[in-house]
Amino acid sequence: MVEVLIGPASRELGVKVTQELNLKSILVESKVFPDGESYIRIPEEKIDREIILIQSTYPPQNKHLIELFLMLDAAKDLGAEKITAVVPYLAYARQDKRFRPGEAISVKALAKLIEKAGADKFITFNIHKEKSLEFFNINSINLSGAPAIGSYFLQKGVVNPYVVAPDEGAYNLALEVSKILNCECTYFEKKRDRITGVVKTEAKELDIKGKTAIIVDDIISTGSTIANVAEILKSQGAKKIYAVCIHPILINDAQNRMKMAGVDEILGTDCIPSEISKITVSKVLAEALKREL
Ligand code: R5P
């Protein structure tokens with residue numbers, strides 16, 4: 001028998017996936033002590049069965065990560081036979097190498113901690129670099145939210161779309177979406193200053209006049225990457241501009257920054273719950289879990 005343990009950071013997605021799979025779910029209780037420490041409780045005496053644990057690790061990342069570690073450890077203590085940790089958004093994944101001497105390779109440290117805390121299998125969505133999965137010794141799977149984004153726009157009946165990746169790293173994801181929409185796809189060259197964080201995008205001429213631009217990225221954080229591209233597309237006559245991502249972190253007035261640059265609508269998936277997370281990855285996740293169970 002398999003049961004789904006739903007962590008405090010992925011309530012809605014957890015419930016949707018449980019319904020898709022027709023499984024029993026357990027809602028994990030959580031609170032924060034006055035000194036800021038996290039507390040979790042699995043409301044069961046024993047869970048001597050196979051468990052799927054869902055917990056995303058968006059901001060506040062450290063709190064959500066500690067909750068994840070506490071839940072994994074508690075589930076093992078309570079007798080879980082095998083735990084599949086589903087972490088729709090894995091925090092710290094952008095620090096996947098030593099960019100400057102002496103830096104921590106943060107995603108490597110997280111892989112070790114998740115494994116040590118008790119995960120037997122790891123599933124995530126659009127990890128920043130697929131290669132980071134090599135830091136896990138347990139079976140690890142990187143799912144793509146592109147089918148969910150593609151079907152959303154198909155259902156919306158978007159007219160004359162043109163999919164754009166704001167940098168080369170997002171090109172494969174954008175390409176997946178463009179194949180579903182059967183339209184053109186391209187990417188821009190982007191450079192980020194490692195110290196100041198300032199993003200520069202090289203302009204290039206596109207046949208975008210009168211078309212609906214769909215800018216697709218894995219993460220929207222400050223919105224600067226998208227804003228740069230939106231300005232270029234707007235100046236070249238794009239009729240409507242969507243900005244869509246898998247992981248809407250949205251910090252520092254990101255939505256406003258993108259809108260000021262010409263973005264008409266901002267969308268994300270429920271890998272991170274937010275007011276713009278209108279695209280659900282629940283079907284993609286449920287299908288993957290069915291294959292894995
Ligand atoms: C980095 O290369 C990622 O794919 C995103 O493009 C980046 O994290 C977006 O960050 P921001 O919204 O702050 O420009």
Side-chain angles (χ1 to χ4, degrees), residues 56-61 64 87-100 103 105-108 110 124-133 142-146 148-149 163-178 185-204 213-234 241-269 271-277 279 281:
S56 203
T57 57
Y58 52 89
Q61 297 90 332
H64 291 148
V87 183
Y89 170 66
L90 180 66
Y92 291 95
R94 284 176 287 180
Q95 185 71 26
D96 58 350
K97 62 178 183 189
R98 253 185 270 291
F99 297 96
R100 302 173 64 213
E103 285 180 347
I105 304 172
S106 311
V107 70
K108 175 161 78 73
L110 283 201
T124 192
F125 273 89
N126 299 91
I127 190 163
H128 188 59
K129 294 261 171 63
E130 181 100 22
K131 213 173 152 39
S132 301
L133 294 186
N142 185 31
L143 299 176
S144 176
I149 294 178
V163 176
V164 176
D167 56 33
E168 198 178 352
Y171 186 52
N172 281 339
L173 172 63
L175 206 55
E176 269 188 88
V177 174
S178 73
C185 182
T186 192
Y187 69 90
F188 281 85
E189 293 288 349
K190 170 183 109 175
K191 284 217 162 51
R192 186 188 291 271
D193 186 310
R194 285 272 153 216
I195 315 267
T196 61
V198 173
V199 175
K200 287 207 174 115
T201 306
E202 226 173 87
K204 69 173 183 187
I214 305 176
I215 312 172
V216 180
D217 206 350
D218 59 342
I219 298 171
I220 301 179
S221 182
T222 63
S224 314
T225 299
I226 297 281
N228 284 1
V229 172
E231 268 173 25
I232 298 169
L233 299 178
K234 193 90 198 161
I241 303 178
Y242 287 96
V244 57
C245 68
I246 304 291
H247 305 299
I249 299 180
L250 305 176
I251 53 162
N252 294 348
D253 211 19
Q255 296 200 58
N256 206 22
R257 176 172 293 118
M258 291 183 279
K259 290 214 159 131
M260 297 290 284
V263 175
D264 296 288
E265 196 172 338
I266 306 156
L267 293 157
T269 77
C271 283
I272 298 183
S274 77
E275 58 176 356
I276 60 130
S277 304
I279 302 171
V281 293

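None of the values given here were measured: they were computed from a predicted structure. When a ligand or atom number is given, it counts from 1 through the structure's own listing order.
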TODO: Select all protein residues for which some heavy-atom-to-ligand 1 distance is less than 4.0 Å, and list them by chain and number.
DONE: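 Residues near ligand 1: Arg94, His128, Asp167, Lys190, Arg192, Asp217, Asp218, Ile219, Ile220, Ser221, Thr222, Gly223, Ser224, Thr225.
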
Quick check for you: to the nearest 0.5 Å, what is the distance between [X] atom [atom1] and [Y] atom [atom2]?
X	Y	atom1	atom2	result
Glu176	Asn126	CD	CG	7.0 Å
Asn142	Phe125	CG	CZ	9.0 Å
Asp96	Lys131	CG	NZ	10.0 Å
Ser56	His64	OG	NE2	8.5 Å

Task: Sequence-distant partners of Thr186, side-chain hydrogen bond (donor to acceptor under 3.5 Å, both in side chains), two or more places apart - done: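 In terms of side-chain hydrogen bond (donor to acceptor under 3.5 Å, both in side chains), with neighbours along the sequence ignored, Thr186 is linked to Lys204.
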
Open item on the list: Go through it in stages, so that I can follow the logic: the residues are Arg94 and Ile219, the test is side chain to side chain contact (heavy atoms under 4.5 Å, CB included), and I'd like the CA-CA distance, side-chain angles, deciding distance and then a yes or no.
Closed with: CA-CA 10 Å; Arg94 284 176 287 180; Ile219 298 171; 3.7 Å; yes

